[in-house]
Amino acid sequence: MNVGTAHSEVNPNTRVMNSRGIWLSYVLAIGLLHIVLLSIPFVSVPVVWTLTNLIHNMGMYIFLHTVKGTPFETPDQGKARLLTHWEQMDYGVQFTASRKFLTITPIVLYFLTSFYTKYDQIHFVLNTV
Amino acid sequence: MATATEQWVLVEMVQALYEAPAYHLILEGILILWIIRLLFSKTYKLQERSDLTVKEKEELIEEWQPEPLVPPVPKDHPALNYNIVSGPPSHKTVVNGKECINFASFNFLGLLDNPRVKAAALASLKKYGVGTCGPRGFYGTFDVHLDLEDRLAKFMKTEEAIIYSYGFATIASAIPAYSKRGDIVFVDRAACFAIQKGLQASRSDIKLFKHNDMADLERLLKEQEIEDQKNPRKARVTRRFIVVEGLYMNTGTICPLPELVKLKYKYKARIFLEESLSFGVLGEHGRGVTEHYGINIDDIDLISANMENALASIGGFCCGRSFVIDHQRLSGQGYCFSASLPPLLAAAAIEALNIMEENPDSQTYFFHLGIFAVLKEKCGQIHKALQGISGLKVVGESLSPAFHLQLEESTGSREQDVRLLQEIVDQCMNRSIALTQARYLEKEEKCLPPPSIRVVVTVEQTEEELERAASTIKEVAQAVLL
């Protein structure tokens, strides 16, 4: 869906995660978060990775699974008002590409975090939870 | 901070991998397996259709009997026997070749045939042509539209007004623009068909209350309040509306607006007032039911009316506060997606508004009454004259220029009633009084009113004609019903 064109998309929120470049932007945003956290001087590298993992998971949980409805008015007479973004994605079709991608990134992030924390016990607990 | 043991060299990291605790590695293994499963799973929709076997499908196809394309219809169905009107449906119309006095068209102020209105329309026709060929957002906005909106807003003393090009679509677009799924609308049982369609399009929860029964409405509002207290978070986001008509078309009664405003402030609901019949009829200057009761117009959130009755034009308008009306410019489906009102009709409506504002003295009365007062007098007169007909009862208030005559005792079947009333109408037509029955889409109405003859009083009918009509109806009713 292109911005500014006439389209029959009743709820643009469903197609946001399919738009061009959003996956790349998402990965870059995680990278940016990580670099910002890395630049705090007194925090060590494994803590930074754990923090990245935690903040990323919490943020995604809030935006995808907690907040309901849309930030704009939709012409679907309020059908999406009680649905979270995750439920709205692709009109409820399960296992689409975007959904798979968004499910896999926390797992990959977890792998990286575990790697960089050298499998330390405390970090492990935090990350797994 | 980097001591030798804490250096994050890749070799060291991979070494750490070998020394990792077992549970961690197992967990990671499980996660990898899950990723592979995800990557290979198919996309499917949440609600699966039930799978029928081929044999079941064949059986179903065998059983199916197609319905006829045209269902069998009785020969005297009203849609097949219509009356043909030649010429404008003004005070004296020619119906089926016979000249009758018009008691059926909603031409309350007689503006249909007014020479000033016609002249304004003709001048606009010469200037703009006939149609606009576009919706308001797509080069369909002309200065006459903006002018008419301005004039209507000033006349009704509200901040802004918006014009629709079809009267039915006005309220049917206005309601779904504000009320969505999950919102609650309290609506009267006798609401007209346009309101019902608007409510259906809005997908909200509809709660019907008995016609003009404020106690029933208060009961429903109280129940809703109890529900709200159980779930305050949900209640904070649901919107509540009350939809009423000023003068009901189906019953000819006026809504009790002062009590409604009190209920509105007590239970925090918004009022949508549909003034199709009362605009240009009620009130000292014709501003409708708010002027009639002397209520501040800012108490009503939205007033919607169609211009097809008193104003003798086509289309409709909504008026209210600016931020309410402005929302409809993008969300009113009838506004955004239909062609705008033809400029000649808008010019005719402006001229009609001019006449209404001047409020000319009409007819031969000793004291100079404006047209609204004259209309009120005539309504009262014919109401009194039509009381006491054996077999027919008058339904509607004496203020209402459009009221119904229903059978006092129904014969038991609706078709029989309709046929009897049609007999009365036909005989009245023979004596050159043009009446009509109130027609409904019987299968589509939520609360179907009983069959009735609808009588309309206009400012152009003289006293003698009113008397003659009353006596004609009396004689015919006597002849047919007894």
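Lettering follows sequence order; numbering is per chain, from 1. Keep in mind it's a predicted model, so treat the numbers as computed, not measured.
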Worksheet, complete the sentence: Interatomic distance, CZ@A/Phe101 vs CE@A/Met17, rounded to 0.5 Å, equals 9.0 Å
Worksheet item: Sub-3.5 Å donor-acceptor pair from the side chain of B/Thr141 to the main-chain atoms of B/Gly137, do we have one?
Response: no
Practice prompt. Quickly, which of B/Tyr267, B/Phe272, B/Phe186 forms a ring pair (Phe, Tyr, Trp, His ring centres under 6.0 Å) with B/Phe241? Name it, please.
Written response: B/Phe272
Discussion item. If we count only N and O atoms by modelled type, under 3.5 Å, do the side chains of B/Asn231 and B/Glu227 hold a donor and an acceptor together?
Written reply: no
Practice prompt. Give me the contact list for residues 161-184 of chain B versus chain A, heavy atoms only, anything under 4.5 Å, ordered by residue number.
Written response: B/Pro176, B/Ser179, B/Lys180, B/Arg181, B/Asp183
Worksheet item: Tell me, side chain or backbone of B/Ile32 under 4.5 Å from chain A's heavy atoms, or both, or neither?
Response: both
Worksheet item: Does the side chain of A/His56 pick up a donor-acceptor pair with the side chain of A/Thr52 at under 3.5 Å?
Response: no
Worksheet entry | B/Glu225 CD to B/Leu221 CG distance, which is reported to the nearest 0.5 Å | 8.5 Å
